[in-house]
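Heads up, the thing below is written out as structure tokens.
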There are 2 protein chains.
Amino acid sequence: MADVNVSAKIAAPASGLTERPGAAPAPAEPVWDIIELLFFAYRDFVGDPDEVLSKLAFGRAHHRVLHFVNRNPGMKVADLLEILNITKQSLGRVLKQLVDQGFVVQKEGAQDRRQRLLYVTPKGETLALKLAGLQTQRINRAFAELGPGAHEAARRFLTAMIDADNREGVLRLITRAERATKPRS
Amino acid sequence: MADVNVSAKIAAPASGLTERPGAAPAPAEPVWDIIELLFFAYRDFVGDPDEVLSKLAFGRAHHRVLHFVNRNPGMKVADLLEILNITKQSLGRVLKQLVDQGFVVQKEGAQDRRQRLLYVTPKGETLALKLAGLQTQRINRAFAELGPGAHEAARRFLTAMIDADNREGVLRLITRAERATKPRS
DNA sequence: CATAATATGTCAACATGGCTGACGTAAATG
DNA sequence: CATTTACGTCAGCCATGTTGACATATTATG
């Protein structure tokens, strides 16, 4: 189970079950361990923030919005919609709550005054960092257990799991946000 | 950003922001890349099955139930509730649909006839394997990109991300399922 | 300049999948 | 026999996603 050589099979579609020659071309054996570990790891990963958020009557939707606005100050509503891949109506609800409660502000675009550029307030940044801090604790605990190279290995694995189409865009987003958020330190 | 030595900071709670001595004890710098990569990787990872499921008027809830029943034939309803960590009312809805449409069957327990042990039908197994096959394609594509050792590295990382309390239970679950599902090949 | 396109907001209605609370029934257990 | 357990069900609420239609301000264009 551990060292199956699968690299030759990955082009095959998965549908059949047995290995009758002439039928469906041998699906790769499901990688059950990774499938299930991803489920449980992600569950716990988002579970930490959930507890904090529930005390504020916020949910994961608020977390996602707050996170990306914090990471990309001055982003357009349209950009956020594209990242989150939800409708503006869905975004509107949670965004309105975040604005009403003073976690996020919208400023008219300088060049294009139709735009409502999004920024976190100090209050919003504090919350965003608190939530990121919880997740960071978990991640760093894992890295500490695993020894050096774990961060790089995790980054490479997760990156390779992203749709090849989006991958560049996601990496650009992360890099751009790195630039936009870091200078405040 | 790449090689910050964080292992000395992980015990510190994250709340403050600056490094005033005497105040909150220096939160670890958020590991933004992993936080965001996990978000996007998981999104794509569950996105593949979602497309197939939507054609059957099923959602992720059905997927999770079908997955774990397929992996743990004969499991009790109570076990499934514990794994999914939802209420029996929530489970009831999706389970009923899966049963009504012939993907899952319930059999009276042999020793304890109160139990309704869960099994996938051949139809259910086919669907479960189709969905797992999609996710396996993505995983194996990633592993192929990353070279040897990627599977082991991913497993170790994901395992370390799970709550220490549950970790043993999860690993036992995966191992037990491995035993229960494999012998049919 | 008039018109079209764009960025955003909003109203209404609906679906999914969580939740709580209450209650029922059959079977096991003390 | 009384209680507990395993499970099912009814009723209703909430969060967060959806579609469709429409309004408003601003920019872009023929």
Side-chain angles (χ1 to χ4, degrees), chain A residues 39 42-43 46-47 49-69 74-101 104-119, chain B residues 39 42-43 46-47 49-69 74-101 104-119:
Chain A
F39 172 77
Y42 194 78
R43 163 194 281 303
V46 295
D50 280 355
E51 291 178 39
V52 174
L53 291 160
S54 68
K55 293 173 191 160
L56 298 165
F58 285 160
R60 277 180 210 175
H62 302 87
H63 186 190
R64 290 195 284 267
V65 170
L66 185 66
H67 171 91
F68 284 108
V69 172
M75 74 188 309
K76 294 188 297 175
V77 170
D79 295 337
L80 189 50
L81 287 176
E82 198 179 345
I83 290 175
L84 298 178
N85 202 27
I86 59 176
T87 59
K88 62 179 172 179
Q89 294 90 329
S90 294
L91 174 60
R93 258 187 314 226
V94 297
L95 183 54
K96 189 173 191 308
Q97 294 174 293
L98 287 169
V99 170
D100 287 349
Q101 299 184 40
V104 171
V105 288
Q106 315 194 61
K107 295 182 187 173
E108 203 171 59
Q111 319 89 329
D112 188 335
R113 285 163 44 214
R114 291 170 302 183
Q115 298 173 348
R116 297 295 131 85
L117 307 185
L118 302 168
Y119 299 86
Chain B
F39 171 77
Y42 195 78
R43 163 193 281 303
V46 296
D50 279 356
E51 291 178 39
V52 173
L53 290 160
S54 68
K55 292 175 193 161
L56 298 166
F58 285 160
R60 278 181 209 175
H62 303 86
H63 186 189
R64 290 195 285 268
V65 170
L66 185 66
H67 171 90
F68 284 108
V69 172
M75 75 188 309
K76 295 188 296 175
V77 170
D79 295 338
L80 188 50
L81 287 175
E82 198 180 346
I83 290 175
L84 298 178
N85 202 27
I86 59 176
T87 59
K88 63 179 171 179
Q89 294 91 329
S90 295
L91 174 60
R93 262 188 310 225
V94 297
L95 183 54
K96 190 173 190 308
Q97 293 174 295
L98 287 169
V99 169
D100 287 350
Q101 299 184 39
V104 171
V105 288
Q106 315 194 59
K107 296 183 188 173
E108 204 171 60
Q111 320 89 330
D112 188 335
R113 284 164 43 213
R114 290 171 302 181
Q115 299 173 348
R116 297 295 132 83
L117 307 184
L118 302 168
Y119 298 86

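Note that these values count all heavy atoms, side chains included, but never hydrogens, waters or copies made by symmetry. Every chain is numbered from 1, with letters handed out A, B, ... down the list of sequences.
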- d(CD, B:Q115; C1', C:dT29) in whole Å: 14 Å

- Note on the structure: Among the nucleotides D:dG8, D:dC22, C:dC19, whichever has the atom closest to the side chain of A:K88 is D:dC22

- Task: Have a look at B:Q97 and say if it touches a base, only the backbone sugar-phosphate, or nothing, with a 4.0 Å heavy-atom cut-off.
- Result: nothing

- With no angle test and no hydrogens, is the base of C:dG18 tied to the side chain of B:R93 by a donor-acceptor pair under 3.5 Å? yes

- Between CG of B:L84 and C1' of C:dT16 the distance, given in whole Å, is 16 Å

- Does the ring centre of A:Y42 sit less than 6.0 Å away from the ring centre of B:F39? no

- Query: D:dT5 phosphate, OP1 or OP2: any side-chain N/O from B:R116 under 4.0 angstrom?
  - Reply: no

- Message: Suppose we call a contact any N or O donor and acceptor under 3.5 Å apart; does that hold for the side chain of B:R114 and the base of D:dT5?
- Response: yes

- Between C1' of C:dT6 and CD of A:E108, the distance in whole Å: 15 Å

- Determine: side-chain N/O of A:T87 to OP1/OP2 of D:dG17, distance under 4.0 Å, yes or no. no

- Message: Here's a test of your reading of the structure: between A:S90 and B:K76, which maps to the more 5' nucleotide of DNA chain D?
- Response: B:K76

- Query: In Å, rounded to the nearest 0.5 Å, how long is the span from CZ of B:R64 to NE2 of B:H62?
  - Reply: 10.5 Å

- Decide yes or no, distance alone: a donor-acceptor N/O pair under 3.5 angstrom between the base of D:dG12 and the side-chain of B:Q89. no

- Can you tell me if the side-chain N/O atoms of A:H62 get under 4.0 Å from OP1 or OP2 in D:dA15? no

- Task: On the 0 to 90° scale, with breaks at 30° and 60°, tag the B:H63-B:H67 ring pair as parallel, tilted or perpendicular.
- Result: perpendicular

- Item | Sugar-phosphate only, base, or nothing, as touched by B:D79 at under 4.0 Å among non-hydrogen atoms | nothing

- Message: Any side-chain N or O of B:Q106 below 4.0 angstrom from OP1/OP2 of D:dG8?
- Response: yes

- B:R43 side chain to A:L84 backbone, donor-acceptor under 3.5 Å: yes

- Message: From the set D:dC7, C:dG17, C:dT8, return the single nucleotide nearest to any side-chain atom of B:A61.
- Response: C:dG17

- Message: So A:G59, base contact, sugar-phosphate only, or nothing? Heavy-atom distance under 4.0 Å.
- Response: sugar-phosphate

